[in-house]
Amino acid sequence: MTAPPLTADEFHLLAAAAGAAPSLHNSQPWLFRPTPDVRGLAVHLDPTRGVPTTDPDGRALHVSVGAAVLNLRIAAGRLGREPRVRLLPDQSQPYLAAEVDLSRLAPAPAPPGRDLYPAISLRHSSRQPFADRDVPEAVIGELLSAAEAEGVVLDVLEEAAVRRVLELTAEAERRTAADLARLSETRSWLRAEPAATDGIPFDVLGPLDHDARVPVRSFTGSPPGPAVHTERFEALPQVATLSTRTDLPVDWLKAGQAMERVWLLATAHGLRASVLHQAVEWPDTRWRLRDPSQGPGHVQLVLRLGYGPPGPATPRRPISEILTTPDGRAAGDER
Ligand SMILES: Cc1cc2nc3c(=O)[nH]c(=O)nc-3n(C[C@H](O)[C@H](O)[C@H](O)COP(=O)(O)O)c2cc1C
């Protein structure tokens with residue numbers, strides 16, 4: 001049955017959910033426009049909010065927007081609608097990342113406990129040390145299936161592979177810290193002003209690892225030392241990679257959807273996560289992230305999972321900046 005046109009409140013709910021997605025440096029590189037029939041949304045990449053030195057190909061830009069698309073799909077369920085998504089539907093418009101058609105009513109609401117909508121606002125990056133406690137096999141199984149449903153392979157790594165990936169991450173982190181252009185670009189996303197609506201507030205940054213085992217990103221470029229707060233991280237971090245078979249923009253969007261689905265499901269299970277992206281940002285370390293025994297996969301993202309503090313909320317841009325009304329005006333925030 002065809003659903004009625006979406007109301008302004010429904011568009012607001014959808015854009016708020018989509019805009020809560022994670023993004024590289026909290027750049028929030030997305031724009032949402034109602035479709036002409038007012039029963040769906042076009043999702044656009046916003047290249048003016050890219051991070052071009054760190055992410056010259058727009059891989060992370062697409063991953064971030066893919067995460068926003070996943071949140072839109074989950075929020076559609078909240079409105080009783082069945083989302084039908086076309087990724088990169090028009091070759092002549094490379095910034096049109098997706099069309100999300102919401103013109104069909106959902107056959108049935110998601111059963112309680114399976115609805116990931118509540119996890120959207122609970123999910124945060126947690127850059128703190130995690131407990132030395134394993135993720136149960138049953139939960140890992142659910143995370144693997146969640147990625148698989150998005151056409152992406154999640155590998156929860158064994159010890160030797162964890163060490164290999166962390167070494168590559170540390171190598172990339174050292175390189176980035178020595179690269180003035182990248183460093184100043186990263187620093188430009190740090191925010192001291194409390195009213196900031198994007199970027200990374202200083203107070204969400206975690207400590208560096210006292211034993212340098214877990215190479216969390218030093219957004220300031222400072223290595224561990226007397227001036228930098230350090231703590232002991234978990235002895236053997238639980239690290240997972242998300243890989244795609246090919247390495248095209250559509251794969252990056254899929255990887256973003258898989259990342260967010262896995263992250264929301266992990267959140268619903270009380271798990272925390274943060275991204276270790278440094279090795280993905282250099283072509284040679286990205287290539288070496290692959291597990292050669294697994295065939296020619298392309299690693300798109302490295303996630304650290306575990307039990308620990310939930311992580312603080314980061315700011316988001318007002319809805320009026322990311323959503324236009326059906327007639328193309330900025331949507332109001334007053335509600
Ligand atoms: C593609 C991508 C790469 C990211 N890389 C890192 C990273 O290397 N280190 C880190 O601490 N967070 C990383 N993040 C997390 C973002 O900084 C975070 O999502 C953003 O600041 C918003 O905060 P939130 O996740 O708490 O909502 C990454 C996120 C994405 C989507």
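Atoms within a ligand are numbered from 1 in the order they appear, just like the ligands themselves. These figures come from a predicted structure and were not determined experimentally.
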One finds that the ligand 1 atoms under 4.0 Å from a non-hydrogen atom of Ala60 are 1 (C)
Looking only at protein heavy atoms, which one is nearest to atom 15 (C) of ligand 1, and how far off is it? Ser125 OG, 3.6 Å
Side chain, backbone, both or neither: His277 near ligand 1, heavy atoms under 4.0 Å: both
Can you find an N or O of Arg316 that's nearer than 3.5 Å to an N or O of ligand 1? yes
What I want to know is whether Ser64 and ligand 1 share at least one N or O pair that is separated by under 3.5 angstrom. no
Residues Asp55, Arg59: salt bridge by 4.0 Å N-O rule: no
Among all protein heavy atoms in this structure, tell me which lies nearest to atom 21 (O) of ligand 1, with the distance rounded to 0.1 Å. Asn26 CB, 3.4 Å
Region of Ile200 that comes within reach of ligand 1 [heavy atoms, distance under 4.0 Å]: side chain
Which distance, rounded to the nearest 0.5 Å, do you find between the OG of Ser64 and the CG of Asp46? 12.0 Å
Between atom CG of Asn71 and atom CD1 of Ile120, what is the distance when rounded to the nearest 0.5 Å? 4.0 Å
Give me the ring orientation class for Phe219 and His25: parallel if the planes are under 30° apart, tilted from 30 to 60°, perpendicular past 60°. perpendicular
Please work out whether any backbone atom (N, CA, C, O) or any side-chain heavy atom from C-beta onward of Ser23 is under 4.0 Å from ligand 1, and answer side chain, backbone, both or neither. backbone
Going by the atom numbers of ligand 1, which of them fall below 4.0 Å from some non-hydrogen atom of Pro22? 19 (O), 25 (O), 31 (C)
Can you tell which part of Thr314 has a heavy atom less than 4.0 Å from ligand 1: side chain, backbone, both or neither? side chain
Measure the acute angle between the ring planes of His298 and Trp287, then classify it against the limits of 30° and 60° as parallel, tilted or perpendicular. tilted
Tell me: protein heavy atom nearest atom 4 (C) of ligand 1, and distance? Val275 CG1, 3.6 Å
Is Gln257 reaching over with its side chain to a backbone N or O of Gly151, donor-acceptor style, under 3.5 angstrom? no
When rounded to the nearest 0.5 angstrom, what distance separates CZ in Arg261 from CD in Glu142? 11.0 Å
Inspect the contact between Glu159 and Arg163 and indicate whether a charged nitrogen and a carboxylate oxygen are less than 4.0 angstrom apart. yes
Quick test: of every protein heavy atom, which one is nearest to atom 30 (C) of ligand 1, and how far off is it to 0.1 Å? Leu24 N, 3.6 Å
Best match, His124, Arg123, Arg127: closest heavy atom to atom 12 (N) of ligand 1: Arg127
To the nearest 0.5 Å, what is the distance between CG on Leu96 and CZ on Arg33? 9.0 Å
Report the part of Glu260 (side chain from C-beta onward, or backbone N, CA, C, O) that has a heavy atom under 4.0 Å from ligand 1; answer both or neither where that applies. neither
